[in-house]
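In what follows, chains are A, B, ... by sequence order, proteins preceding strands, each numbered from 1.
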Amino acid sequence: MSMKYNPGKIESKWKKLWLKKKIYEPDLKNAERPFYTLMMFPYPSAEGLHIGGVRTFTGVDIYGRFKRMQGYDVFEPIGLDGFGIHSENYALKIGKHPTRLVPITEKNFYRQLVATGNAFSWDEALETYDPDYYRWTQWIFIQMFKRGLAYRKKAKVNWCPSCLTVLADEQVVSGECERCGSPTIKKDLEQWFFKITDYAERLLNNLPKLDWSENIKIAQEHWIGRSEGALIKFPILDSQISIEVFTTRPDTLFGATYMVVAPEHPLVETLKNRIQNWKEAEKYISAAAKRSEIERTAEGKEKTGVELKGVRAINPANKEEIPVYIADYVLFGYGTGAVMAVPAHDARDYAFAKKFNIPAPVVIDGGQEEMLYVGAGRLINSGKFSSMQSDEAKRAITEFVGGTLKVQYRLRDWLISRQRYWGPPIPMIFCGVCEKAGMGERKDALGWYTVPESELPVRLPFVKDFRPKGTGESPLASVKSFYEIPCPKCHKPARRETDVSDTFLDSAWYFLRYPSVSDSRQAWNSGITNRWLPVHMYIGGAEHAVLHLLYARFLTMVFYDWKLVGFEEPFTTFRAHGLITKGGAKMSKSKGNVVNPDDYFKRYGADTMRMYLAFLAPFAEGGDFQDSGIAGITRFLNRVWEFSNAHAKKTSSEFSPGDEKVIKSVHKAVKKVTEDIAELHYNTAISALMVLLNEFEAKPAAVNREDVGIFLKLLAPFAPFITEELWQKFFADKKSRSHSIHLESWPAFDKKLIVDETVVVVVQVNGVMRDKFEIKNDASEEEVRTKVLSLEKVKHYVPDVSKIKKFIYIKNKIANIVLQ
RNA sequence: GGGCGAGUGGCGGAAUGGCAGACGCAAUGGACUCAAAAUCCAUCGGGGGCAACCCCAUGAGAGUUCGACUCUCUCCUCGCCCACCA
């Protein structure tokens with residue numbers, strides 16, 4: 001009889017053949033129905049591919065294969081985000097230079113990805129550490145500088161004392177470094193920033209138009225954090241100086257009994273001479289600077305601060321003299337770095353005022369005796385504004401004190417420079433001579449010049465000691481041959497920028513490069529880009545909601561404004577995938593519950609693993625990986641193999657005339673699998689295939705050769721190898737040029753065939769199920785009623801027909817008799 | 001503290017206003033076997049009953065509805081994200 005199903009053998013055969021025949025390479029220049037499907041850029045960790053990563057890649061692949069069979073020219077590129085702190089930290093840990101580590105991890109990662117059986121377009125693979133790629137990352141930086149969107153600024157920035165580099169706000173998670181988990185501190189450093197804040201409003205306003213997982217959109221909305229309020233000036237007594245605050249509650253201005261400025265606020269230094277307790281203030285300021293973000297916030301609601309004695313401000317609404325404090329509960333980076341404090345109507349101010357015995361007059365009638373009321377309401381004790389409602393009062397009071405209405409965003413500019421080794425050098429040159437002479441490429445950045453585009457890439461030199469220095473300078477700052485360079489303008493000795501750019505810059509534009517990888521003269525070919533992008537189906541982790549996904553949107557918007565791309569948003573559809581746990585816990589080395597894909601793929605085969613990962617839980621939700629569950633898929637594929645071998649090769653004389661029910665089941669399965677894949681409900685699509693096979697096996701004589709063919713096509717996106725083998729064996733037309741099942745067309749279903757001639761109607765009495773019966777489809781309510789009342793069970797529960805209050809019939813589904 | 005999501009058999013999960021537990025795992029019994037594995041058949045939420053059947057059950061409690069796992073409110077638990085943003 002037939003040979004046994006041997007996944008190892010058929011998988012290695014088809015893996016090679018698919019690559020050789022390039023069946024997954026679309027015609028990038030001429031494709032008529034482009035469909036770009038993409039999984040978030042992976043970074044090649046030396047441990048190799050994570051099983052969760054396998055699941056996500058495969059999830060994207062199932063969708064791509066489905067679209068390809070539906071007639072689309074599917075582009076599913078792959079590459080590695082190998083530059084950056086994550087890769088460098090690993091290199092540091094094992095004491096191997098990143099340049100030596102890269103070829104090893106790259107080879108291993110690509111080998112694993114081939115093993116998954118994914119239909120990647122390998123010809124377009126790219127790596128961020130490849131000079132052919134990062135020259136364009138540098139090119140982007142140059143354009144950003146030239147157009148004023150990249151700038152240098154001395155600022156209090158997040159510093160990771162373990163990674164010894166600065167970090168963007170998005171990379172500080174709960175006061176900890178996103179990479180290594182160390183508590184971060186604030187450091188005063190001059191750094192490069194991208195002006196993402198210029199795009200805050202558009203990044204926010206476009207969100208509703210995007211077909212993205214809702215939670216991701218909400219996360220971005222919160223991160224951008226729009227709030228409407230007012231800028232109001234509080235004059236300082238006996239001076240020309242005033243303190244400006246941003247407030248969302250100008251309606252509570254009459255209740256402002258003190259002010260707070262952030263310890264980092266430059267105004268504090270300006271007022272130094274007036275501050276009678278300067279020593280105390282100074283002590284507080286330097287202590288605040290040293291404390292980590294965690295310490296600053298972990299002390300939680302316990303407020304600290306120092307009154308600036310000798311400095312008094314005037315509340316512009318009621319002209320009262322009020323004290324000024326410094327306290328670290330006020331953030332320098334938000335608003336103006338100073339607040340007016342209204343203890344009666346703000347929880348933080350309330351806590352602070354209580355501790356420092358500051359009065360808290362009530363100015364909004366909260367309808368309760370409670371001191372603290374943060375809601376809106378009717379104004380009291382507010383002079384001529386008393387009895388006004390908050391909404392109206394906001395505008396009126398702002399106007400009264402000469403303030404201005406203002407929209408404030410929480411989003412800050414993207415800190416782009418890193419004092420590390422493993423990244424693209426920032427392509428800038430600084431000339432001290434030009435700076436003194438008032439020269440520079442941009443008037444607001446004296447002394448700074450971009451590297452001429454013809455000289456790109458600025459290659460990352462080999463630096464033996466690539467460890468971060470912790471001095472605020474990158475290891476490149478120790479390589480004279482790298483940074484010593486004549487000024488492009490005055491030709492005097494100048495200095496190259498030695499910082500590298502953030503990894504997130506590498507990954508913020510890679511999807512634009514993929515279709516144009518072969519083009520060595522430009523970052524992307526706009527004709528090809530506009531043909532293929534925006535990415536039609538993008539899938540990745542929710543943890544990138546405010547990192548990668550925000551940065552990618554920002555850059556795309558910028559390129560759109562520069563007319564380099566014809567679309568404003570990079571990803572039409574985005575779906576977040578779920579997390580895979582093992583034994584109910586996140587996989588981690590320390591817990592010893594990490595699933596190594598290599599072992600499993602070798603043992604069970606790619607088809608089985610692909611299907612198991614898709615079957616174990618809804619794709620978007622994630623679930624628990626259990627070894628025992630794999631057996632179910634192994635059995636299923638064995639049965640597919642056996643059944644196909646036994647029935648697909650029947651000669652025509654052996655064909656069954658076909659059983660009506662089997663045909664209907666096949667059409668129903670086509671509908672269900674088609675709809676489920678489109679919704680990424682892979683688990684239920686697979687269960688539908690299992691149901692169909694169960695039915696095939698129950699009445700094999702009624703199964704046609706054609707039914708088997710349809711079944712294999714439906715299964716093909718999930719199990720590409722076994723279906724290809726069986727298709728080639730029994731169905732493929734050997735003469736046609738390419739006869740892969742994966743290039744066959746997706747089965748259609750006949751609407752007429754999925755409707756049953758009879759339906760089962762459930763009978764309820766007072767909402768409790770009592771009986772059911774079969775009746776012809778779309779029977780009239782009268783027919784149903786007659787039938788229902790004739791049932792023995794119904795007679796038992798409804799002895800007196802006159803007691804029927806209501807008869808409810810939902811067509812083809814249910815009949816409910818309601819008694820009084 | 002805020003936001004988002006989730007709570008259904010021994011387990012993963014299905015059903016999103018209409019027969020709760022599809023599909024699969026595990027388990028139990030049986031067939032095959034000298035035996036085991038594999039495979040096949042049967043049982044498989046709880047309680048009652050010889051049985052036909054009946055009752056209870058989707059984290060807890062209320063509500064809306066002829067009818068609620070599904071919608072609304074309150075509470076509890078868990079997960080993820082953000083977190084002194086004025």
Could you pull out all donor-acceptor pairs under 3.5 Å where a side-chain atom in residues 607-615 of chain A meets a protein atom, sequence neighbours excluded?
from      : atom 1 : to        : atom 2 : distance (Å)
Asp607(A) : OD1    : Phe721(A) : N      : 3.2
Asp607(A) : OD2    : Phe721(A) : N      : 3.3
Asp607(A) : OD2    : Ile722(A) : N      : 2.7
Thr608(A) : OG1    : Tyr604(A) : O      : 3.3
Arg610(A) : NE     : Phe718(A) : O      : 2.9
Arg610(A) : NH1    : Asp61(A)  : OD2    : 3.1
Arg610(A) : NH1    : Thr116(A) : O      : 3.0
Arg610(A) : NH1    : Asn118(A) : OD1    : 2.8
Arg610(A) : NH2    : Asp61(A)  : OD2    : 2.8
Arg610(A) : NH2    : Pro717(A) : O      : 2.9
Tyr612(A) : OH     : Gln626(A) : N      : 3.0
Tyr612(A) : OH     : Gln626(A) : O      : 3.0

**OP:** Name all pairs fulfilling the salt bridge (charged side-chain N to carboxylate O under 4.0 Å, His left out) condition that reach into residues 223-232 of chain A, sequence neighbours left out, sorted by first residue then second.
**Re:** Arg226(A)-Glu228(A)
Subject >> Under the salt bridge (Lys or Arg N to Asp or Glu O under 4.0 Å) test, residues paired with Glu264(A) that sit two or more places apart >> reply: Arg296(A)
Original post:
Once Watson-Crick and G-U wobble pairs under 3.5 Å are found, how is RNA chain B written in dot-bracket notation, 5' to 3', with | for any base paired to another strand?
Top reply: (((((((..(((.....[....))).(((((.......))))).((((....))))..(((((..]....))))))))))))....
**OP:** Check salt bridge (Lys or Arg N to Asp or Glu O under 4.0 Å) between Arg249(A) and all other residues, then give those that pass, not counting sequence neighbours.
**Re:** Asp251(A)
Sub-3.5 Å pairs of nitrogen or oxygen atoms, protein against nucleotides 20-25 of chain B:
from   : atom 1 : to        : atom 2 : distance (Å)
G24(B) : OP1    : Asn694(A) : ND2    : 3.4
C25(B) : OP1    : Arg635(A) : NH1    : 2.4
C25(B) : O2'    : Ser628(A) : OG     : 3.1

Subject >> Listed partners of Phe711(A) passing ring-ring contact (aromatic ring centres under 6.0 Å, His included), at least two apart >> reply: Phe696(A)
Original post:
When you measure from every atom of RNA chain B, which of residues 333-341 of chain A have a heavy atom less than 4.0 Å away?
Top reply: Tyr334(A), Val339(A)
**OP:** Using the P atom on both, measure G9(B) against G1(B) and round to a whole Å.
**Re:** 30 Å
**OP:** Could you list the residues that satisfy side-chain hydrogen bond (donor to acceptor under 3.5 Å, both in side chains) with Lys233(A), not counting sequence neighbours?
**Re:** none
**OP:** Side chain of Val330(A) only, please: which of A86(B), C66(B), A14(B) is the nearest?
**Re:** A86(B)
Subject >> Pairing residues for Phe356(A) by the ring-ring contact (aromatic ring centres under 6.0 Å, His included) criterion, not counting sequence neighbours >> reply: Tyr325(A), Phe352(A)
Subject >> Under the ring-ring contact (aromatic ring centres under 6.0 Å, His included) test, residues paired with Tyr809(A) that sit two or more places apart >> reply: none
Original post:
Looking at residues at least two apart in the chain, or sitting in another chain, which of them share a side-chain hydrogen bond (donor to acceptor under 3.5 Å, both in side chains) with Thr58(A)?
Top reply: none
